[in-house]
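These notes are about the structure you will find just below.
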Amino acid sequence: MGVNVPESMTPWIRSQTTAVPTNPAAQEPAPGEFTVGEVASLVGISVRTLHHWDSVGLVHPRGRTTGGYRTYSAEDVGRIHRVLVYRELGFALTQIALLLDDPTVDEAAQLRQQRHLLEERIARLQQMAAAVDQILESRTSGTSLTAQQQAEIFGRGWREDWAEEAQDRWGESEEWAQFERKAVMSSETERIQLQLGGDALFAELAAAKRSGIAAGSDEANRLAERHRETISALFNCSHSMQVCLGQLYVQDARFTAQIDEREPGLSVWLSEIIDANARLHSVDPATATWE
């Protein structure tokens, strides 16, 4: 009885079937069109990402070669660049699709707003880069930064009196002990990275609120979890604790003002998405405690 052995296991045996040669011309795009590989190199993203965007209906390549291979037009590439701008600002793919495909949306106005937000982020990142330079300089010279210098470096969002108040309020708690241990063990660079991560998160939260993401939706719950995970980088933050923080955001005028500076009403919206997400984890916001 004969045994069917895969040809790959018997390379010394040649198949009698002759492969049909591929016609290279059939793969060539028409003038002014690009293959998926060319577009990936052009815009700096992976071929897999382009295939995914095609599968979810975000960016469909409209052209075809004579051999049936998909090709992108200049207009398609322009749409990809607009997607990348919105992604950089924290928009989800479903939100981006709505913005790009809704005929009632003034895309020029949207892009001007996004440019303004990008400029704000760039200015903040430049400030943080300057902060790192000053910290490195102080460490090299063996001097320490005064409270006033720290406030000047990190901007008006940094408040020494808030840090003192937080210690008075929570100084005896296990969470404060965790916070102090992590603060001592973290390098200056790690602390800067944590602050940058928090800044990026709040930019994404602001963008989500502006685009109408509703509390209790999958996207809102994802953002609420990201917020909790960011807090947990400082101390173990339960869903109940997170609800308490959300209440503080709307009850303490100082927190409200700082958060709403990014987007009007952001503090209330953030508290609402925290509460909705907490309910999914069996926490009643009305009876939440710091535990």
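Just so you know, these numbers use all the heavy atoms, side chains as well, and skip hydrogens, waters and symmetry mates.
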As a quick check of understanding, evaluate side chain to side chain contact (heavy atoms under 4.5 Å, CB included) for Arg210 and Leu266, giving each step before the final call. CA-CA 9 Å; Arg210 278 193 300 274; Leu266 181 59; over 6 Å; no
Does Cys237 offer a backbone N or O that forms a donor-acceptor pair with the side chain of Arg228 under 3.5 Å? yes
Stepwise side chain to side chain contact (heavy atoms under 4.5 Å, CB included) check, Phe255 with Leu245: CA-CA 10 Å; Phe255 281 102; Leu245 287 174; over 6 Å; no
Looking at Asp76 and Pro61, would you say the former's side chain and the latter's main chain have a donor-acceptor pair under 3.5 Å? no
What do the steps show when you test Leu205 against Leu201 for side chain to side chain contact (heavy atoms under 4.5 Å, CB included), and what is the final call? CA-CA 6 Å; Leu205 290 167; Leu201 169 62; 4.0 Å; yes
When you group the ILVMFWY residues by side-chain heavy-atom contacts below 4.5 Å and let the links chain together, are Val85 and Leu42 in the same group? yes
So, the side chain of Ser240 versus the backbone of Thr289: is there a donor-acceptor pair under 3.5 Å, distance only? yes
When you measure from the side chain of Glu263 to the backbone of Ala208, do you find a donor-acceptor pair of N or O atoms at a distance under 3.5 Å? no
Picking from Asp101, Thr94, Val83, what satisfies side chain to side chain contact (heavy atoms under 4.5 Å, CB included) with Leu58? Val83
Is any NZ, NE, NH1 or NH2 atom of the basic residue among Arg222 and Glu225 found under 4.0 Å from an Asp or Glu carboxylate oxygen of the other? no
Are any side-chain N or O atoms of Lys209 and backbone N or O atoms of Pro264, one a donor and one an acceptor, separated by less than 3.5 Å? yes
Residues Leu100, Val59; criterion side chain to side chain contact (heavy atoms under 4.5 Å, CB included); working and verdict: CA-CA 10 Å; Leu100 295 182; Val59 182; over 6 Å; no
Has His281 got a side-chain atom pairing as donor or acceptor with Asn277's backbone, closer than 3.5 angstrom? yes
Would you say Trp53 and Leu98 are hydrophobically clustered, going by side-chain heavy atoms of ILVMFWY under 4.5 Å? no
Do the rings of Tyr249 and His227 sit parallel, tilted or perpendicular, given the 30° and 60° boundaries? perpendicular
Consider only side-chain heavy atoms of I, L, V, M, F, W and Y, link residues closer than 4.5 Å, and tell whether Tyr72 and Leu93 are in one cluster. yes
How about CD on Glu75, more than 12 heavy atoms from neighbouring residues, nucleotides or ligands closer than 6.0 Å, or not? no
Ser271 side chain to Ser267 main-chain N or O, any donor-acceptor pair under 3.5 Å? no
